[in-house]
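Quick notes on the structure that follows.
Chain letters run A, B, ... following the sequence lines, proteins first, then strands; residues in each count from 1. Note: hydrogens, waters and symmetry copies are ignored here, and every other heavy atom, side chains too, is used.
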There are 2 protein chains.
Amino acid sequence: MWIPIQIDDKSAEPLYHQIETQLRSLIISGNLAEGTLLPSIREFAGDLKCSVITVRRVYQDLEGEGLLRTRQGTGTFVSHVGDGAREEFRRETVRKALEAAVDAGRSVQFGREELEELFREMVKRKYGEEDNKGE
Amino acid sequence: MWIPIQIDDKSAEPLYHQIETQLRSLIISGNLAEGTLLPSIREFAGDLKCSVITVRRVYQDLEGEGLLRTRQGTGTFVSHVGDGAREEFRRETVRKALEAAVDAGRSVQFGREELEELFREMVKRKYGEEDNKGE
DNA sequence: ATTACTGTATATATCTATATACACAGTATA
DNA sequence: TATACTGTGTATATAGATATATACAGTAAT
């Protein structure tokens, strides 16, 4: 099975992290349905041109997050993520990042309005084009 | 001269980073006026119970950001930060953090409204108490 | 049982971040 | 110039993050 993962060699972001982020997103978004058998660590490593250890780490991490289930000798599957757990997970991910951003603002004496203004700008820039081109 | 820096030994945040963040905040906020002679790296290291190298790194980093000026043999001073540069600096700091947060949201398929809602919650939680106790 | 797949465990290599010691060099003043 | 401060440069220690090779163990089908 083919999983669409794009690796950027020039990025400073660690290899395992790039894979994790993208695979996680595929699962959370439902692009990989519950029960899907993922490629074996060796096959996936071949596709991604990395070692099996790196793929294994990704599978292990996502299993730790409850997104995958593994059975030795059989393979690694997309596990069932209840709506509650899925929402909790999505929310926590974003909440942490937002908290860091608000803390950053406070550390340089950003006022509430000032922060909100900059946030609106960023949202517009990042979400704004979605109506035009659906990449 | 005494600089109010609080070190949390239990924190996972690196020592140099805790010092940098707080000292930067003191300068940006104007609590340390332009031209102020900071403690020597040795004196400051004594206050903070860390090595002079760590203090030096802090001074060096903040000098790189244009917040400090150093003259060998004389000392390290708070440099003049023009209003433009100060605003640019504050804005960039927060902009980066906000961008990371919005990217995190998009990576888990957060919609615009959903993200804005969570942001409002966070702002309320972090800024909300300021009317009650002025710490 | 043999084969050919699965994932697992251990040990290791490499790099970066963090923190340090200590010898060196500039500055100011008596 | 001697002294007593300032910051600087080099070399090093330690821990954690990142990535790997290789030998091991479970599963399923022949």
Side-chain angles (χ1 to χ4, degrees), chain A residues 1-3 5 7-24 27 32 35-79 100, chain B residues 1-3 5-24 27 32 35-79:
Chain A
M1 180 182 193
W2 169 252
I3 308 287
I5 302 278
I7 300 302
D8 178 7
D9 293 308
K10 289 172 293 187
S11 170
E13 187 185 4
L15 184 52
Y16 85 97
H17 199 263
Q18 291 187 41
I19 303 171
E20 271 189 23
T21 302
Q22 294 180 51
L23 187 53
R24 185 185 297 115
I27 297 169
L32 286 173
T36 301
L37 174 60
L38 293 181
S40 78
I41 55 178
R42 280 168 251 264
E43 183 187 348
F44 212 171
D47 295 342
L48 297 171
K49 299 180 196 337
C50 70
S51 84
V52 294
I53 318 289
T54 299
V55 175
R56 190 195 173 231
R57 171 172 185 173
V58 169
Y59 281 3
Q60 230 171 359
D61 288 351
L62 295 185
E63 188 174 16
E65 295 175 8
L67 298 176
L68 296 179
R69 284 225 290 165
T70 269
R71 271 182 24 208
Q72 185 171 353
T74 305
T76 298
F77 303 82
V78 175
S79 70
Chain B
M1 182 184 190
W2 168 250
I3 308 286
I5 302 278
Q6 296 299 327
I7 300 302
D8 177 6
D9 292 310
K10 287 171 294 186
S11 169
E13 186 186 3
L15 184 53
Y16 85 97
H17 199 264
Q18 292 187 40
I19 304 171
E20 271 189 25
T21 301
Q22 294 179 50
L23 187 53
R24 184 184 299 114
I27 297 169
L32 287 173
T36 301
L37 173 61
L38 293 181
S40 79
I41 55 178
R42 280 167 250 265
E43 182 187 349
F44 211 171
D47 295 342
L48 298 171
K49 300 180 197 335
C50 70
S51 84
V52 293
I53 318 289
T54 300
V55 176
R56 187 187 176 240
R57 170 172 187 172
V58 171
Y59 281 3
Q60 231 171 358
D61 288 352
L62 295 185
E63 187 174 17
E65 296 175 6
L67 298 176
L68 296 179
R69 283 225 292 164
T70 270
R71 271 183 22 207
Q72 185 171 353
T74 306
T76 298
F77 303 83
V78 175
S79 70

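Between B:Leu68 atom CG and D:dG7 atom P the separation is 11 Å, expressed in whole Å. Residue A:Ile7 contributes atom CD1, which lies 14 Å from atom P of D:dT18 at whole-angstrom precision. Between the CZ atom of A:Arg57 and the P atom of C:dT8 there is a distance of 15 Å, rounded to whole Å. For the pair A:Glu20 CD and D:dT18 C1', the computed distance is 12 Å after rounding to whole Å. The distance from atom CZ of B:Phe77 to atom P of C:dT27 is 12 Å, rounded to the nearest whole Å. In this structure, B:Phe44 atom CZ and D:dT6 atom P are separated by 14 Å, rounded to whole Å. D:dA17 atom P lies 12 Å from atom CG of A:Asp61, rounded to whole Å.
Side chain of A:Thr36 to main chain of A:Val78: no donor-acceptor pair is present (N/O by atom type, distance under 3.5 Å, no hydrogens or angles). Side-chain atoms of B:Thr70 do not come within 3.5 Å of backbone N or O of B:Thr76 as any donor-acceptor pair. When atom types are taken as modelled, the side chain of B:Thr54 and the backbone of B:Tyr16 share no donor-acceptor pair closer than 3.5 angstrom.
DNA chain C lies under 4.0 Å from at least one heavy atom of each of the following residues of residues 8-18 of chain B: B:Pro14, B:Leu15, B:Tyr16.
For C:dG7, one of the phosphate oxygens OP1 or OP2 lies less than 4.0 angstrom from a side-chain nitrogen or oxygen of A:Thr76. Side-chain N/O atoms of B:Ser40 include one lying less than 4.0 angstrom from OP1 or OP2 on D:dT6.
Contact annotation: the side chain of A:Leu68 never approaches that of A:Phe77 to less than 4.5 Å [non-hydrogen atoms, C-beta and beyond]. Inter-residue side-chain proximity for A:Leu62 and A:Arg24 is flagged as met; some heavy-atom pair is nearer than 4.5 Å.
Pairs passing the salt bridge (charged side-chain N to carboxylate O under 4.0 Å, His left out) check and including a residue from residues 46-61 of chain A, sequence neighbours excluded, read A:Arg57-A:Asp61.
Rounded to the nearest 0.5 Å, atoms CD1 (A:Ile19) and SG (A:Cys50) are 4.5 Å apart. Expressed to the nearest 0.5 Å, how far CD of A:Glu20 lies from CD of A:Glu65 amounts to 6.5 Å.
Remark: B:Thr21 pairs with no residue by the side-chain hydrogen bond (donor to acceptor under 3.5 Å, both in side chains) rule, at least two apart or across chains. Partners of A:Glu13 under the side-chain hydrogen bond (donor to acceptor under 3.5 Å, both in side chains) rule, at least two apart in sequence or in another chain, are A:His17.
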Listing time: all N or O pairs from protein to nucleotides 28-30 of chain D that are below 3.5 Å?
| unit_1 | atom_1 | unit_2 | atom_2 | d |
| --- | --- | --- | --- | --- |
| D:dA28 | OP1 | A:Arg71 | NH2 | 3.2 |

Extract from the structure each pairing of a protein N or O with an N or O of nucleotides 8-12 of chain D at less than 3.5 Å, listing the distance.
| unit_1 | atom_1 | unit_2 | atom_2 | d |
| --- | --- | --- | --- | --- |
| D:dT8 | OP2 | B:Arg56 | NE | 3.4 |
| D:dG9 | OP2 | B:Arg56 | NH2 | 3.4 |

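With A:Leu15 as the fixed residue, the side chain to side chain contact (heavy atoms under 4.5 Å, CB included) test singles out one of A:Val58, A:Ile7, A:Val55: A:Ile7.
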